[in-house]
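Just so you know, these numbers come straight off a predicted model, no measurement behind them. Values reported hereafter were calculated over all heavy atoms of this structure, with side chains retained and with hydrogens, waters and symmetry mates removed.
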Amino acid sequence: MISGLPVRLLVTSAALAAGLMLAGCNSDQISLAQNAKANQPVPPKLIQAMTEKNMDLNSPILVRIFKQEAELEVWKQDRDGRFALLKTYPICRWSGDLGPKVREGDRQAPEGFYTITPAQMNPQSAYYLSFNTGYPNAFDQALGRTGSQLMVHGDCSSRGCYAMTDEQIAEIYALGRESFFGGQRAFQLQAFPFKMTPINMAKHRNNPNMPFWKMIKQGYDHFEVTRQEPKVDFCEKKYVFDAIRAPNATREPVFNASSKCPAYAIPEEVADAVREKQQHEQAEYHKLVARGTPVARMNTGIDGGMNQVFAAKLPDGNTGLSEGGDAQGLSLLALSRAPGTIPSHVNPPRPKLTPQEEPAVAVSAPATRVASATPAQREPEQRSESFFSSLARKVGLGGSETTASAPPPAKPRAASRPAPPSISRATAAAPRRAEPKHAEPKPPPALKPTVTAAPAPAAAPAPAAAPATIAGAQPVVPSNSFESRFSAMK
């Protein structure tokens, strides 16, 4: 008798193979449907953790990223319908400064709220596995921000991305894949400069990005009090969270990132909970400021950060802009086991030899951030390549690619290995692609139902030399992307 899992895998593989043939796909795409890396199972230890937390393997997920802490959190919906923290992954490398992405080539890793669909999952990544953050989203586009191919990927190498180890991204990728298999159309990625606590807000109170951070903190607070994925809309070049139809309105509000906000309301229970949380935190914030909490140094000249557990494994390792930047406690952490393999070409954050100039503030609406004085390098555009050219490149016969701050050694990566017919619906029908190892130089850095939106934060004037663009995420992929990828199976 055949067990349930093999039957599921056989049926899925057969359906995907049929869909590929109907679509006229070539043998490379059929190999992609059998990609072994993209179909690694969720580890038994993590499945056991789900069982203990009353979660199902295929239930929805949500991802939160914190630069300063260098952590990526995976939250999963339990059987009561609320999200609970499943696992925290230390980030091996992120680049740029605290603050949102402004323009292509500024080396910034994005901040904000993004939507990850199956189409953004890349099983044939140049960085083992990856998914696209979706930068720029509608908010970023409304501000004229530019950039492309901002990923969460493996390889511990970043130029505008969030880089994990290969083992970590395999696990995160599997969790996303299984959530899609369970019916989740897209999962939310929330990227923050730091955990939005009173102490962190006090430390960074003079940062020119604070108006933007206060705006996205509204979404942070909505998730904290509800443990539900906040609904995200955009209007008047700002974020709006959990908007519903206003009292006496005859239709649902229609939002446009560049247009005037429609009449909308926020659920009263959510508004009350958020207000109470913010009042408590504001009181704590004022106490911290009154006690003389030091202001965090800006524009340190250090490119990005790294979690302490990785910095401890490297000669002269430094966590950069992440917590523990003075290498405190690294000697003890060096004795612990790293969560994954650190590649030999990894380049930890290092202070520059020459001091940086004071950052210029680039503002293009309610959000502000620090623009870089360093010359910007363009992020290479995504390119596709055949199986054989990909193989030739990876064994050293093709052109070289850059990573992090130094070129990586030739690192064999299976671009599209045939594997057993264990394939998920979320990844199999994805177009074949391998994002380039992109390069980015670094730039420094109320709530009762209402019929109108809150006013946008005041914007600071932008210097003429600073481009009025910031970065964060790309527009939400059209809703038909999921169905179109799996139409062959219906």
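- Outside the 6.0 Å centre-distance limit, the rings of F139 and F113 are not counted as a close aromatic pair.
- In this structure, R177 contributes its side chain and A38 its backbone to a donor-acceptor pair below 3.5 Å.
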Dump the intermediate steps for side-chain contact (heavy atoms from CB on, under 4.5 Å) on K231 and D233, then the final yes or no.
CA-CA 7 Å; K231 177 177 171 286; D233 290 297; 2.4 Å; yes

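- Among pairs with a residue in residues 58-73, those fulfilling salt bridge (charged side-chain N to carboxylate O under 4.0 Å, His left out) read R64-E73, R64-E224, K67-E111, E71-K195, E73-K195, at least two apart in sequence or across chains.
- Side-chain N or O atoms of Q184 include none that pairs as donor or acceptor with a backbone N or O of S59 at under 3.5 Å.
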Before giving the answer on side-chain contact (heavy atoms from CB on, under 4.5 Å), spell out for Q68 and L321 the whole-Å C-alpha distance, their side-chain angles and the decisive distance to 0.1 Å.
CA-CA 6 Å; Q68 182 172 279; L321 298 178; over 6 Å; no

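- Other residues, nucleotides and ligands place more than 12 heavy atoms under 6.0 Å from the CZ atom of R79.
- In terms of modelled atom types and a separation under 3.5 Å, the side chain of R205 and the main chain of M210 share no donor-acceptor contact.
- Identified under the ring pair (Phe, Tyr, Trp, His ring centres under 6.0 Å) test for residues 272-292, with sequence neighbours left out: none.
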Under the side-chain contact (heavy atoms from CB on, under 4.5 Å) criterion, do L189 and T115 qualify, and how do the steps go?
CA-CA 6 Å; L189 170 68; T115 301; over 6 Å; no

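- Put simply, the side chain of K53 gets close to the backbone of L85: a donor and an acceptor are under 3.5 Å apart.
- Within 6.0 Å of the NZ atom in K277, the count of heavy atoms belonging to other residues, nucleotides or ligands exceeds 12.
- Note that CG of L150 is 5.5 Å distant from SG of C161, once rounded to the nearest 0.5 Å.
- Checked against the 6.0 Å centroid criterion, the rings of F66 and F192 qualify as a close aromatic pair.
- Annotation: ring-ring contact (aromatic ring centres under 6.0 Å, His included) contacts of Y89 (sequence neighbours excluded): none.
- Looking at Q120 and T117, their side chains do bring a donor and an acceptor atom within 3.5 Å of each other.
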Verdict with reasoning, E236 to C261, per side-chain contact (heavy atoms from CB on, under 4.5 Å):
CA-CA 6 Å; E236 298 179 8; C261 291; 3.6 Å; yes

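- Screening residues 79-127 for disulfide bond (SG atoms under 2.5 Å apart) gives C92-C156 as the qualifying pairs, with residues at least two apart or on separate chains.
- A donor atom on one side chain and an acceptor atom on the other are not found under 3.5 Å apart for N35 and Q124.
- With sequence neighbours excluded, the residues forming a ring-ring contact (aromatic ring centres under 6.0 Å, His included) with F131 are F187, listed by chain and number.
- With rounding to the nearest 0.5 angstrom, the CD1 atom of I65 is 8.5 Å from the OG1 atom of T133.
- S259 contributes no side-chain N or O that, together with a main-chain N or O of N256, makes up a donor-acceptor pair within less than 3.5 Å.
- P90 pairs by the side-chain contact (heavy atoms from CB on, under 4.5 Å) definition with Q168, N307, V309, F310, P339, not counting sequence neighbours.
- The disulfide bond (SG atoms under 2.5 Å apart) contacts involving residues 162-215 comprise nothing, where partners must be two or more places apart or lie in separate chains.
- Checking side-chain atoms of T226 against main-chain N and O of H222 turns up a donor-acceptor pair under 3.5 Å.
- No side-chain donor-acceptor contact under 3.5 Å links Q308 and E323.
- With respect to the salt-bridge test (charged N to carboxylate O, under 4.0 angstrom), the residues D78 and K76 do not qualify.
- Partners of F255 under the ring-ring contact (aromatic ring centres under 6.0 Å, His included) rule, at least two apart in sequence or in another chain, are Y264.
- Between the side chain of S179 and the backbone N or O of G176, at least one donor-acceptor pair lies under 3.5 Å.
- Although no hydrogens or angles enter the test, the distance criterion places no donor-acceptor pair under 3.5 Å between the side chain of S130 and the main chain of V152.
- Every salt bridge (charged side-chain N to carboxylate O under 4.0 Å, His left out) that K217 has, sequence neighbours left out, goes to D221, E281.
- Residue pairs meeting the disulfide bond (SG atoms under 2.5 Å apart) criterion with at least one partner in residues 40-72, sequence neighbours excluded, are absent.
- Counting only N and O atoms by type, the side chains of Q278 and E276 include no donor and acceptor under 3.5 Å apart.
- Judged purely by distance below 3.5 Å, without hydrogens or angles, the side chains of N209 and N207 pair a donor atom with an acceptor atom.
- In this structure, I266 and I244 have side chains that are not in contact, with every pair of non-hydrogen atoms separated by 4.5 Å or more.
- In plain terms, the two heavy atoms of I61 and F83 that are nearest each other are C-CE2, 3.6 Å.
- Every residue meeting the side-chain contact (heavy atoms from CB on, under 4.5 Å) condition with V42, not counting sequence neighbours, appears here in chain and number order: L46, I47, M50, L57, A174, L175, E178.
- T146 and E104 are not linked by any side-chain donor-acceptor pair at a separation below 3.5 angstrom, with hydrogens and angles left out of the test.
- Using the six-membered ring where Trp is involved, H204 and W213 have ring planes that are perpendicular, over 60° apart on the 30 and 60° scheme.
- Judged by distance alone, the side chain of N132 and the main-chain N or O of M151 form no donor-acceptor pair under 3.5 Å.
- A search for ring-ring contact (aromatic ring centres under 6.0 Å, His included) contacts involving F223 returns W75, not counting sequence neighbours.
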